[in-house]
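This one's a predicted model, so the numbers in the text were calculated from it and none came from an experiment.
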Amino acid sequence: MRLIFMGTPAFALPSLKALHEAGHDIAAIYTQPPRPAGRGQHETPSPVHQFALEKNLPVFTPVSLKSPEAQAEFTAHKADIAVVVAYGLLLPKPILGACPFGCINVHPSLLPRWRGAAPIQRTIMAGDKKTAIVIMQMDEGLDTGDMLLVEPYDIPDGTNAGTLHDTLAEKAGPLLLKTLAGLAAKTITPTQQPDTGVEYAKKISKE
């Protein structure tokens with residue numbers, strides 16, 4: 001499949017690596033612009049950006065996708081699908097509908113529990129014993145799209161946010177490949193999220 005990958009932090013890397021190693025045609029990588037980091041506050045590319053540079057993949061770092069110019073550039077890649085993993089920018093309707101298979105998202109929680117910015121941290125803070133990696137079809141809502149594939153995960157005692165982050169990140173890659181194969185073969189039936197059990201994972205502040 002010809003795809004656009006949209007992601008920024010380390011959590012997105014196993015998914016991107018899986019797609020690259022599987023031989024998918026990565027038409028473009030979208031990631032957040034370089035940010036000041038470290039003691040010297042030097043402009044530092046995101047982990048996804050750094051991987052793209054290493055593999056000589058085309059990188060785009062728009063500050064917004066709301067302009068007609070940014071949307072035209074996105075559409076011009078002629079991708080079959082966009083894969084979104086912790087990208088960090090809102091996707092407007094023209095972007096969501098730009099590819100024949102739309103945009104799919106990797107989300108690390110047992111949806112509809114912990115929709116939003118910090119699902120892994122909120123899972124740990126709440127003492128949840130179960131979570132999941134969900135591949136979902138994106139819509140205009142906040143993590144409200146239909147679920148394509150779900151891989152549940154029982155959280156072992158003593159797990160912290162860091163270890164859960166790494167475990168779910170690694171599980172995302174194989175599930176993503178399975179989803180793309182299923183979409184191409186038309187063997188996946190989207191499942192609507194339940195109306196009950198909705199919780200929002202608000203962003204964790206420095207305080």
How far apart are the closest heavy atoms of [X] and [Y], and which atoms are they?
X: Gln193; Y: Gly145; result: NE2-O, 2.8 Å
X: Asp146; Y: Pro190; result: CB-CB, 3.8 Å
X: Phe101; Y: Leu183; result: CE2-O, 3.5 Å

Does CG in Asp195 sit with more than 12 non-hydrogen atoms of other residues, nucleotides or ligands closer than 6.0 Å?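 No - once you tally the heavy atoms of other residues, nucleotides and ligands closer than 6.0 Å, there are 12 at most.
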
**OP:** Could you tell me whether Asn56 atom CG has more than 12 heavy atoms of other residues or ligands within 6.0 Å of it?
**Re:**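 At most 12 heavy atoms, drawn from other residues, nucleotides or ligands, come within 6.0 Å of this atom.
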
Note to self: Could you go through Val83 and Leu176, starting from their C-alpha distance and side-chain angles, then the distance that decides it, and tell me whether this counts as side-chain contact (heavy atoms from CB on, under 4.5 Å)?
What the structure shows: CA-CA 9 Å; Val83 175; Leu176 200 47; 3.6 Å; yes

Does [Y] offer a backbone N or O that forms a donor-acceptor pair with the side chain of [X] under 3.5 Å?
X: His77; Y: Arg2; answer: no
X: Asn105; Y: Met136; answer: no
X: Glu199; Y: Pro112; answer: no
X: Gln71; Y: Pro94; answer: no
X: Ser46; Y: Pro9; answer: no
X: Thr163; Y: Thr159; answer: no
X: Thr44; Y: Pro36; answer: no
X: Glu151; Y: Leu175; answer: no

Requested in this report: Give the intermediate values and the outcome of side-chain contact (heavy atoms from CB on, under 4.5 Å) for residues Val150 and Met147.
Outcome: CA-CA 7 Å; Val150 178; Met147 299 182 291; 4.0 Å; yes

State yes or no: do [X] and [Y] share one hydrophobic cluster built from I, L, V, M, F, W and Y residues joined by side-chain heavy-atom distances below 4.5 Å, directly or via other members?
X: Met138; Y: Leu65; result: yes
X: Ile26; Y: Met1; result: yes
X: Ile120; Y: Val134; result: no

With a 4.0 Å cut-off, would you call [X] and [Y] a salt bridge?
X: Arg122; Y: Asp128; answer: no
X: Lys171; Y: Asp166; answer: no
X: Asp154; Y: Lys130; answer: yes
X: Asp143; Y: Arg115; answer: no

Does a donor on one side chain sit under 3.5 Å from an acceptor on the other, for Thr31 and Thr61?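 Short answer, no.
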
Residues that His165 engages under ring-ring contact (aromatic ring centres under 6.0 Å, His included), provided they are two or more places apart
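Partners of His165 by the ring-ring contact (aromatic ring centres under 6.0 Å, His included) criterion, ordered by chain and then number, come out as Phe11.
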
Just jot down the salt bridge (Lys or Arg N to Asp or Glu O under 4.0 Å) partners of Lys55, sequence neighbours excluded, or say none.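 With sequence neighbours excluded, Lys55 shows a salt bridge (Lys or Arg N to Asp or Glu O under 4.0 Å) to no residue whatsoever.
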
**Prompt:** Say you draw a straight line from OG1 of Thr179 to CG of Leu149; how long is it, rounded to the nearest 0.5 Å?
**Reply:**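 Reported to 0.5 Å precision, the distance equals 4.0 Å.
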
Between Asp80 and Leu3, does the side-chain contact (heavy atoms from CB on, under 4.5 Å) criterion hold? Intermediate values first, please.
CA-CA 6 Å; Asp80 300 308; Leu3 61 88; over 6 Å; no

Is the gap between the ring centers of His20 and Phe51 under 6.0 Å?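 For His20 and Phe51, the ring centres are under 6.0 Å apart.
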
>> Ring centres under 6.0 Å, that's the criterion: do Phe74 and Phe60 meet it?
In response: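 That pair fails the under 6.0 Å test.
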
